[in-house]
Amino acid sequence: MPAKPFAAQRSLPRLFSIALLALLALAAWQWRNGPPVAASMLALLPKGAGDELVQQAEQRMQEPLNRDLLVLVGHPQRQQAIALVQRLGLQWQASQRFERVQWSLDSDLAVLRQQLRGNRLALLPAADRQLLIKQPEIFIQQRSAQLFDTFAGFSLLPPEQDWLGLGTRAQQALNPNSRIQADLGSGALLLEEPGMTWALLRVRTLGSAFDMQAPPAIATSVAAARAEVTAAGGQLLAAGGVLYAAAGQAKATREVSWIGSIAILGTLLLLLLAFRRPRVLVSLLPIGIALIAGCTACVLVFGQINVLTLVLGASLIGVAADYPQHYLSKSWGSSEWTSWGALRATLPGLTLSLGTNLVGYLALAFTPFPALTQIALFSAAGLIGAYLCSVCLLPAWLNGLRLRPPPSLLGFSSALLILRARLLGRVGSLPLLALLLLFCAGGLWQLHTQNDIRQWLGQEPQLLAEAKRIAELTGQQPTSQFFLVRARDEAQLLERQAALAQRLDQTVAAGQLRGYRALSQLVAADSQHQPLRDALQRLPQHWQPLLAMGIPAAALQAELNQLTNAPQPSLEQALAGPLGEAWRPLWLGSHAEGVAGLVSLQGQADSALLHSLGADLPGVQLVDRLGELNGLFSATQLSAAQLKLVASAAILLLLCIPFGLAGALRVVCLPLLAALAALAGLGWLGQPLTLFSLFGLLLITAIGVDYAILMRENIGGAAVSLLGTLLSALTSWLSFGLLLISDTPAIANFGLAISLGLLFCFILAPWAGTREPQAKAVPA
C-alpha cells in the first residue's frame, strides 16, 4: 500500500530553493572583492593576556617579524657580491612591492659621526664603563694597542676626534655580536668569512606577511633572485615571516585541493559501487551546500575565513555525506523503496544525528582558541545546511528513483553480524569488554602529552636552515620574547632598563642568550653619569702610554673637557638621530601612568630563566607569547576533557526523549568508550596527546552517537542498519583520514585521533541495539 505523502512534500523543495538562492547571493556579495581568506595561523591564537599597553607592545614587536625580510647574497669575489646585491636591490625597489629596500649604508656619514662623537659617553657599554672606572690604566693600555693595530677594524671617528677611543667602543656596542661592516666605496653592508663575502639586503614589505597576495609574489621574487645569483656562481640566503607565510599558504592550498578532491571522488565512487545508479550522485549536493554555508557563516561573523578552517572544514565532507546515507541505505531493507517514504522513517534518527553532531561541534566554541571557535561555527552552519538539503531538496530530486542495490553488500553485513554473534556466543560481552579495557590501560600508560605552538605551523626545513645560517653570520635572531618596562618618567625608565641590562649581560656572558637591545644602551641612566665623570677627571694620571705615542697632552685634555662638559642628550634627541634608528621601535612614549619602553631579545631563551631575571625589578614585565601559548595549550587540555563530559551529558539528555534513560546511556557510553580506545591507540602508536587530538575525540562523541542511533533504531533490520553505519563510516574516513597526509602536525594529529575513534565507533556500534532487535519496516 503506498505510503501517505508528506504534507509539505511540495513546499519544502521550493522554500529550500529560495533559501539556497539567498545563501548564494550572500556568498557572491562576500566574495565581490576577492576571496575573504586569511593566511595567518597566528590570528587563530588567543589574544595575549595584559592591558592595552601590553597589546601595543606585542603589535610593535610582531611587526618586524611579519614584515621584514633579510637576504644575504654571497660570492667568492667581493666586488661580485657587491654588484649582485646592488642589482637585486634596484630590481626589487623598482617592483614597488616593498616599503623599503636597503642594500647600502643610507645614513649621512657626517651626521652619523657627529651624533656618535656627541653621544659617545652615553653610548659607552656597561663593561667598558666599569673598566674605565675601576681599571683606567688597563683602559688606556687597550686604547694604545688599538691605535697601533692596523687591523683593529673600521671606525667612524678618526683618531684625532676620538683619542681616548670612547667613540670606537661605543660604535662596536651599537651592534653587539655583529660582523657586519660597511664598504666605504659602495656603502654596501658586508660580512667576510673564508672564501666568501656576503652582502646584506634588508627589505620591508608594504603590507602584512599574512595577506593572500603579497607572500606568494615575494616568495617567487626570492626564488627568481636565488636562481640569478646561483647562475652567477653565488649563493642566496633569505629569512623572514613573509616566506613562512608563503610556504603556509601554498601548503594549505595544496592540502585543501587534495583532501577535498580525494574525499569527494572517493565518496562518489562509493555511492556508485553501493547503489549502481548515476542519479544517486545528487546526494553529493549536501556536501557543496555544507561548504558554502560554513564559509558564508564564518565570513559573516568574523569578516573572513582562515585557511586552517578550510583545511579542517574539508573534512566536513564525510559528515555531510552521512545524512543522505540514512535513508539511501534503507533501500536494502525494502523492495519498494521511495525517497519520501525512507525519509519519513529515518527523519527522527536523522534529526537526532544533527542534534548530537551540533552538540559535539559547538562544544569547540567554548574554548579560548579563536581557531576552534571558527571551526565550530563553520561545521555547525555546514551541518545545518547539509541536513536541510537532505531533508527538503534531495527527496524531491530522488523522487521516482527505484534503487536495486547489490545484495552482496547486504550479505557482507549479515556475515559480519553472524561472526559477531558466534564470537559473543563463545566468549561473551564482558570478557571482550575486559580485553578492551586492558588495551586502553596499556595504551594510556604509554601516552604522553605534547603542546607546542610549532604544531600550528609545522616545520619548513629549508627556511629553518637558512634562518639559522643567517643568525650565525649576522648575530641577529629576533624573537617574540621581550621585556616591557614602565616608569613615571624617562629618567626612571632608563634606570630600570639599566638594572635589567646588568642581569641580561650576565645571561649573555653565560651563553644563555644571544643578545639584547635596550634604550639604556643608547642613553645612559643618570646614576651612571657621575661615577663616569669622576673617573674621567682621574684619567690624566694614567694616560702616559698615549703621551708616549706622541699624542699632545693638550689634545687629550681638550677631548677630556669636551666629554665632561658635553650635555647629556635626552632620549627623544638620541632616538631622532641616525644612530637611534634601531632603538626607535623600543620607545612606546607616554601613557596615562607615565612612560614605557621595551627591551628586545636576540635568540630564544628559556622562559623560566627570563621570568627570574625580571621578577623582583619594579616596572619590569616579561612578555613571552610563545611560553604563554604553550602554557595555555596545556591548561586547555583539562577544559577540553570537561567540555567532553558536558557535551556527553547534553547528548544524553537529548537521547532520553526517544530512547529512555537506559537506552540513552547505552548509546552515549559506546562513543565514550571508543574515544578512550582511540586515546589508547595513540599511546600504542607512540603518538602524543595534543590539544587537537583531544578536540578530535570530542567530535568522535558526536559522530559515534550517530552510528549508535542507526543501530538502535534498527530500521530495516540489523544487517541494513550495520551496512548504513559502514557507509557512513567510510565516507567519514575518506575525509578525516586524509588529514593524516597534512604537513601540519596539528592537523595530522587531529586526523589520526578521529580516524582511530571512527574505527572503534563502528566496531562498538552494534552493542547499541536491543537484546532482541525488532526490525522496523521501511515505508515505501
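Since the structure is predicted, the reported quantities are computational estimates derived from the model, not experimental observations. Numbers here simply count residues along the sequence, with the first being 1.
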Point to revise | Pairing residues for S429 by the side chain to side chain donor-acceptor pair (under 3.5 Å) criterion, not counting sequence neighbours | key: W767
Review point. OG1 of T267 to CG of L271: how many Å apart, nearest 0.5 Å?
Key: 6.5 Å
Review point. Atom SG in C669, atom CG in L676: separation rounded to 0.5 Å?
Key: 11.5 Å
Review point. Roughly how far apart are L419 CG and L424 CG, rounded to 0.5 Å?
Key: 11.0 Å
Point to revise | side chain to side chain contact (heavy atoms under 4.5 Å, CB included) between L350 and L354, worked out | key: CA-CA 6 Å; L350 193 63; L354 173 67; over 6 Å; no
Practice item. Determine, stepwise, if the pair L685 / L752 fulfils side chain to side chain contact (heavy atoms under 4.5 Å, CB included). Key: CA-CA 10 Å; L685 293 174; L752 177 61; 4.3 Å; yes
Point to revise | Heavy-atom donor-acceptor pair, S413 side chain to L409 backbone, under 3.5 Å | key: no
Under 3.5 Å, which donor-acceptor pairs do the side chains of residues 380-391 form with other protein atoms, sequence neighbours left out?
| residue | atom | partner | partner atom | Å |
| --- | --- | --- | --- | --- |
| Y387 | OH | T351 | OG1 | 2.8 |
| S390 | OG | A386 | O | 2.8 |

Study note, to complete from the structure: Rounded to the nearest 0.5 Å, the OG atom of S353 sits from the OH atom of Y707 at a distance of 10.0 Å
**Study point:** Approximate separation, where rounding is to 0.5 Å, of L347 CG and W340 CH2
**Key:** 10.0 Å
**Study point:** Set of residues satisfying ring pair (Phe, Tyr, Trp, His ring centres under 6.0 Å) with respect to F275, sequence neighbours excluded
**Key:** W332
Check your understanding: If you look only at pairs with a residue in residues 430-444, which of them pass as a side chain to side chain donor-acceptor pair (under 3.5 Å), with sequence neighbours excluded?
Key -> none
Output a table of donor-acceptor pairs, distance under 3.5 Å, between side-chain atoms of residues 288-300 and any protein atom two or more places apart or on a different chain; print 'none' if there are none.
| residue | atom | partner | partner atom | Å |
| --- | --- | --- | --- | --- |
| T296 | OG1 | I292 | O | 2.7 |

Point to revise | side chain to side chain donor-acceptor pair (under 3.5 Å): pairs with one or both residues in residues 668-683, sequence neighbours excluded | key: none
Check your understanding: Tell me, do I700 and L758 make a side-chain contact under 4.5 Å, heavy atoms counted?
Key -> yes
Review point. If only atom types and distance count, is the side chain of Q325 paired as donor or acceptor with the main-chain N or O of L727 below 3.5 Å?
Key: no
**Study point:** Those residues that, when tested against L665, pass side-chain contact (heavy atoms from CB on, under 4.5 Å) (two or more places apart)
**Key:** L652, L661
Check your understanding: Hey, what do you get for OG (S721) to CG (N714), rounding to the nearest 0.5 Å?
Key -> 4.5 Å
Study note, to complete from the structure: Sequence neighbours excluded, the answer for side-chain contact (heavy atoms from CB on, under 4.5 Å) partners of L654 is L352, T356
Check your understanding: Which pairs, with at least one residue in residues 270-289 and sequence neighbours excluded, count as a side chain to side chain donor-acceptor pair (under 3.5 Å)?
Key -> none
**Study point:** Set of residues satisfying side-chain contact (heavy atoms from CB on, under 4.5 Å) with respect to N749, sequence neighbours excluded
**Key:** P688, T690, S693
Practice item. Check side-chain contact (heavy atoms from CB on, under 4.5 Å) between S755 and all other residues, then give those that pass, not counting sequence neighbours. Key: L740
